[in-house]
Amino acid sequence: MKAFEKARLCLDIIQERKAIDPILMEVGRLTSFTDYFLVASGASSRQVQAISQHMARRMREQGFKPFGIEGEQEGHWVLMDYGDVVVHIFYQPVREFYDLEGLWTEAPRVEPDEQKNKKT
């Protein structure tokens, strides 16, 4: 699976648990350690934990194991490293404080596929 397809898979999975404002950024031209950042948040630390646990389970079902997961115990900022895709799941106030989107303003955003989001 190509990096873009894996990133889109992560975006689809994170939306299954109603993650708040997911943003997929293409950072491969700006950094050497990954191709995509997926940033999203939850309304509580418990939701952040639920999103990250769901992400880990669904990615495992697709044959992907993370290189590492950090912060799941606290549920304020969970980082999931899938090599060419790094997922950041924040508790909303923590996301606003760290403002990763602001730090990576030069990274192109990948727009969500409208057809996939319109499920009946």
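Within the 4.5 Å cutoff, the side chain of Pro22 has heavy atoms near those of the Ile14 side chain. Within the 4.5 Å cutoff, side-chain heavy atoms of Arg8 are placed close to those of Phe4. At a threshold of 4.5 Å between non-hydrogen side-chain atoms, the residues Asp84 and Tyr36 do not count as touching. Looking at heavy atoms from C-beta onward, Trp104 lies in side-chain contact with Thr31 at the 4.5 angstrom threshold. Looking at Phe90 and Val48, their side chains never come closer than 4.5 Å, going by heavy atoms from C-beta outward. In this structure, Leu11 and Leu38 have side chains that are in contact, with non-hydrogen atoms separated by less than 4.5 Å.
Evaluation of the salt bridge (charged side-chain N to carboxylate O under 4.0 Å, His left out) test over residues 98-109, restricted to residues two or more places apart or in two chains, returns Arg95-Glu101.
Ile51 CD1 to Arg17 CZ: the interatomic distance, rounded to the nearest 0.5 Å, is 9.0 Å. Remark: Ser52 OG to Gln73 CD distance equals 11.0 Å, nearest 0.5 Å. The CD atom of Glu72 sits 7.0 Å away from atom CD of Gln49, with the distance rounded to the nearest 0.5 Å. One finds the CE atom of Met59 at 5.0 Å from the CG atom of Leu9 (value rounded to the nearest 0.5 Å). The CD1 atom of Ile89 sits 10.0 Å away from the CD atom of Gln53 when rounded to the nearest 0.5 Å. In this structure, Tyr91 OH and Ser44 OG are separated by 7.5 Å, a value rounded to the nearest 0.5 Å.
For the pair Ala56 and Ile69, the tightest heavy-atom approach, listed with the atom from each and the gap, is CB-CD1, 4.3 Å. The minimum heavy-atom distance linking Cys10 with Val87 is given by the pair SG-CG2, 4.3 Å.
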Worksheet item: Going through the checks in order, is the side chain to side chain contact (heavy atoms under 4.5 Å, CB included) test met by Val85 and Met80?
Response: CA-CA 8 Å; Val85 181; Met80 307 177 84; over 6 Å; no
Worksheet entry | Derivation of the side chain to side chain contact (heavy atoms under 4.5 Å, CB included) call for Val27 and Asp35 | CA-CA 5 Å; Val27 297; Asp35 293 325; 6.0 Å; no
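Under the 4.5 Å side-chain contact rule for hydrophobic residues, Val78 and Phe67 do not share a cluster. Under the 4.5 Å side-chain heavy-atom criterion for ILVMFWY residues, no single connected hydrophobic cluster contains both Ile20 and Val110.
Under the 3.5 Å distance criterion, the side-chain polar atoms of Gln47 are left unmatched by any main-chain donor or acceptor of Gly75. When atom types are taken as modelled, the side chain of Lys6 and the backbone of Tyr82 share a donor-acceptor pair closer than 3.5 angstrom. Formation of a donor-acceptor pair under 3.5 Å by the Thr34 side chain with backbone atoms of Gly83 is found in this model. Panel note: side chain Glu5, backbone Lys2; a donor-acceptor pair is recorded below 3.5 Å.
Applying the 6.0 Å contact sphere to CD of Glu96 captures more than 12 heavy atoms from other residues, nucleotides or ligands. Heavy-atom contacts from other residues, nucleotides or ligands closer than 6.0 Å to CZ of Arg29 number 12 or fewer.
Using bins of under 30°, 30° to 60° and over 60° for the plane-to-plane angle, the ring pair His88/Trp77 lands in the tilted bin.
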